[in-house]
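Keep in mind that the numbers below use all heavy atoms, side chains included, and drop hydrogens, waters and symmetry copies. Position 1 is the first residue of the sequence; numbering continues from there. Each ligand, and each atom within it, is numbered from 1 in the order the structure gives.
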Amino acid sequence: MSDSTDAEPLSDKSKPGPSAKVPEGKSPDSKPHDGRSHDWAGSRRLLRLLRDLMKERGSSQMKLDKIVKLIAQDIVAEVCSIYVLRSGDVLELFATMGLKPEAVHQTRLHVEEGIVGQVAALALPLALSDAQKHPNFAYRPETGEENYQSLLGVPIQRAGRVIGVLAVQNVTPRNYTDEEVEALETVAMLLAELFAGGEIALLDETAAGDDGQGKPMRLDGLALNDGLAIGQAVPHTRGIVISQVIADDPEEERERLVTAVAEMRGAIDDLLARADIAELGEHREILEVYRMFAEDKGWIGRIDEAILSGLTAEAAVEKIQVDTRTRMAKVKDPYLKERLSDLEDLGNRLLHHLLELDGTGPQDLPDDMVLIARNLGPAELLDYDATRLRAVVLEEGSPTAHVVIMARALNIPIIGRCRDIVTSARPGDRIVVDADNEQVLLRPNEEVQATFASTIAERDRRKEIFAATRDLPPVTLDGLRIALNINAGLLIDIPHLHDSGADGIGLYRTEIAFMVRDTFPGVTAQTELYSRVVEQADGKPVVFRTLDVGGDKVLPYWQGEVDENPAMGWRAIRIGLDRPAVLRQQIRALLRASQGGELRIMFPMISDVAEFETARALLDREIEREGVKGRTLPSMVKAGVMLEVPSLYWQLPALLDKVDFVSVGSNDLFQFHFAADRGNPRLVRRYDVLAPGFLKLLHGIASQASAKQVALSLCGDMAAHPLEAMALLGCGFESLSMPAPSVAPVKTMIRSLNLAPLKTLLPSWLELPDHSLRDRLRSYAKEQGVEL
Ligand code: PEP
Ligand code: MG
């Protein structure tokens, strides 16, 4: 696609557009554009005309020919054309008023080719006053479109998928207004319903992406929650079919809307009251937002306005959803994007009530279902029976999406950004979801299925073995006790502390709770939250990390400037030190939540000793303040740093004299060590944490901490894998913190390892010029009988 992203969606209002003067005899049916914008009343009139047209007898082609004529007249354009998506991602000109008639069914454009192709590719309207100057303009001599200068194209969409493009063109430069864009979008909606309802037959299939033969396919995606599953594809059909777009009586439609909104609010209250959801902790707050949206006057007002333009209540909701999707495509802020996606979820719920569909989720679903969707709301996921849900595959989705947070809590593997899955998977298809390797195998042959089935069986067997290690100590064969802790961030994670038999919580990411809320929690709310963490930890130690926001961790209520380079921007302790009130409030809440017990607190992204000292001074001031007020102080306060920035390594001797403990954040340390953005999928496997240089850095940290007898731990993802954990032990780490599911496999490794020989061998390997020591370490483990 050449320069396609330069395209300006919606009207390009920057260029002045004189009223068009149509050359004489050019287009007998159309009037010159008189500058009048197309308002809601206009679109209502057009919809009526189209509805009357559909009652007439005649072939589909005749109807289409009349439709384009009507639209061209009404919107005062010299050209109106309808393109339909055919198999192979080709857009075929199906009807036109204004272009050469012989081009109909002859002109074919690939999706992304030309401006029309771009409208389809982006699923967004494009309004251009000088289309021929656009880098994507594709000249097709058979159409005679060189005569037309401006163009407005809108996608024709059905169930969130583009099935065609509706375009109008004018001879002279014309600035299409937002109202005109909306009017054309409304007509495009009607066309979509007419195509889907068979009122206009398209002769051929329109299913893009389906090879029609059910061949095996492999699709790549992004792992949003790890795991491996095999099952039957179940497309997430919301069962929404809008059979009537144009209303007979707008007042009746408005009443239907009021009733449906009331029903929906009641249903959301019921959902929130459900016992399993009431227990979800912060997850419940995500759902609370739905209740807030359901009360949103602006959203409901816009639906009402669309009804007044002549649509039925359900078509009006769909219209507003299309607008929301258009906004979503333009929004970069991940929080706002997520909220707009919640709004889409809510719109679907409203449609369920309007169409009187069963809102309790699909029945008769297989026991091994793999849910396929373009996107999914967190509440929609909960509509399915989690015991039958093996995995989820989405065309969209991001690591911070609310549905992903839910799926993690429910332990369901999930792959996102899996292009074409919705059009490629058919109901009942066998499907392998391999989130560990970020791939989806559709309709795999028997042999492939059998291989994956045996891997899953082996994993299940290992899970049983791991469960048996719960109460066994993590001691190496030569007798060294290793501390194993878990990483947590939500209350829902804490039960895993006890199930896994871990020693404590080595990293409590406090920002996660801030991220799922809608307002900044004050001292009281934070005290309550941390008290619950402490209580639920039931005497096991918890290391609280102060807020690590900024970068990609966006707080909804904190709309600051966007950093050019967020990972290295204004984040974590840098914010804490520049906005000390925020950090002090958090420290105060942590002191109170300790209720006279021990408090362990660590500061993220510390880059030099001075930063730690300033943070420590804030902590001391708060301790003093609480003491003066006569509040109970913790019996012991330990303050530490996360070592995530390489600069800190060079100040380690000075730092170790001042801190109570150090915890290496290997995720960030790795990204800064290799200057490789940890979120960039292209760099995922480019460098290895088992590279000799990186291990040498870790070895250096461990040696210095040990010499000064300062407690050291590592809490990045590296600790979660047995081979990497073995290397860490070899480097001298004796305390690791990891996601709870990794505790048992890492413990199994520890219990089969004779550590002393590895510690002797490893330093020589750290000097090697190898890209990675992975193979050497793996062979070593095999030779020594270490269980990985
Ligand atoms: C790390 O950087 O390794 C770490 C544990 O912190 P986070 O992943 O939350 O940035
Ligand atoms: Mg980090």
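- Residue Glu511 has no N or O atom closer than 3.5 Å to an N or O atom of ligand 1.
- Aromatic ring orientation, Phe674 versus Tyr687: parallel (interplanar angle below 30°, classes split at 30° and 60°).
- For NZ of Lys708, the number of neighbouring non-hydrogen atoms (other residues, nucleotides, ligands) closer than 6.0 Å is greater than 12.
- Of all atoms in ligand 1, numbered sequentially from 1 with element shown, those under 4.0 Å from a heavy atom of Arg678 are 2 (O), 7 (P), 8 (O), 10 (O).
- Counting backbone and side-chain atoms alike, Glu644 contributes an N/O/S atom closer than 2.8 Å to the Mg ion (ligand 2).
- By the 4.5 Å heavy-atom criterion applied to side chains, Phe544 and Val533 are counted as neighbours.
- In Lys696, the NZ atom is not crowded: 12 or fewer heavy atoms of neighbouring residues, nucleotides or ligands sit closer than 6.0 Å.
- Each of the following atoms of ligand 1 lies closer than 4.0 Å to a heavy atom of Asp668: 1 (C), 2 (O), 3 (O), 10 (O).
- Nearest N/O/S atom of Asp668 relative to the Mg ion (ligand 2): this is OD2.
- Applying the 6.0 Å contact sphere to CZ of Arg481 captures more than 12 heavy atoms from other residues, nucleotides or ligands.
- With a 4.0 Å cut-off on non-hydrogen atoms, Leu507 touches ligand 1 through its side chain and not its backbone.
- Remark: side-chain polar atoms of Ser752 are paired, donor with acceptor, to backbone N or O of Glu787 under 3.5 angstrom.
- For the ligand labelled ligand 1, residue Gln671 lies outside the 4.0 Å heavy-atom shell.
- Open room surrounds CZ on Arg419; 12 or fewer heavy atoms of other groups in view lie less than 6.0 Å from it.
- Closest to atom 6 (O) of ligand 1, if we only count protein heavy atoms, is Arg545 NH1, 2.9 Å.
- Ligand 1 has a nitrogen or oxygen under 3.5 angstrom from a nitrogen or oxygen of Arg509.
- Annotation for ligand 1: atoms under 4.0 Å from non-hydrogen atoms of Gly665 are 1 (C), 2 (O), 3 (O).
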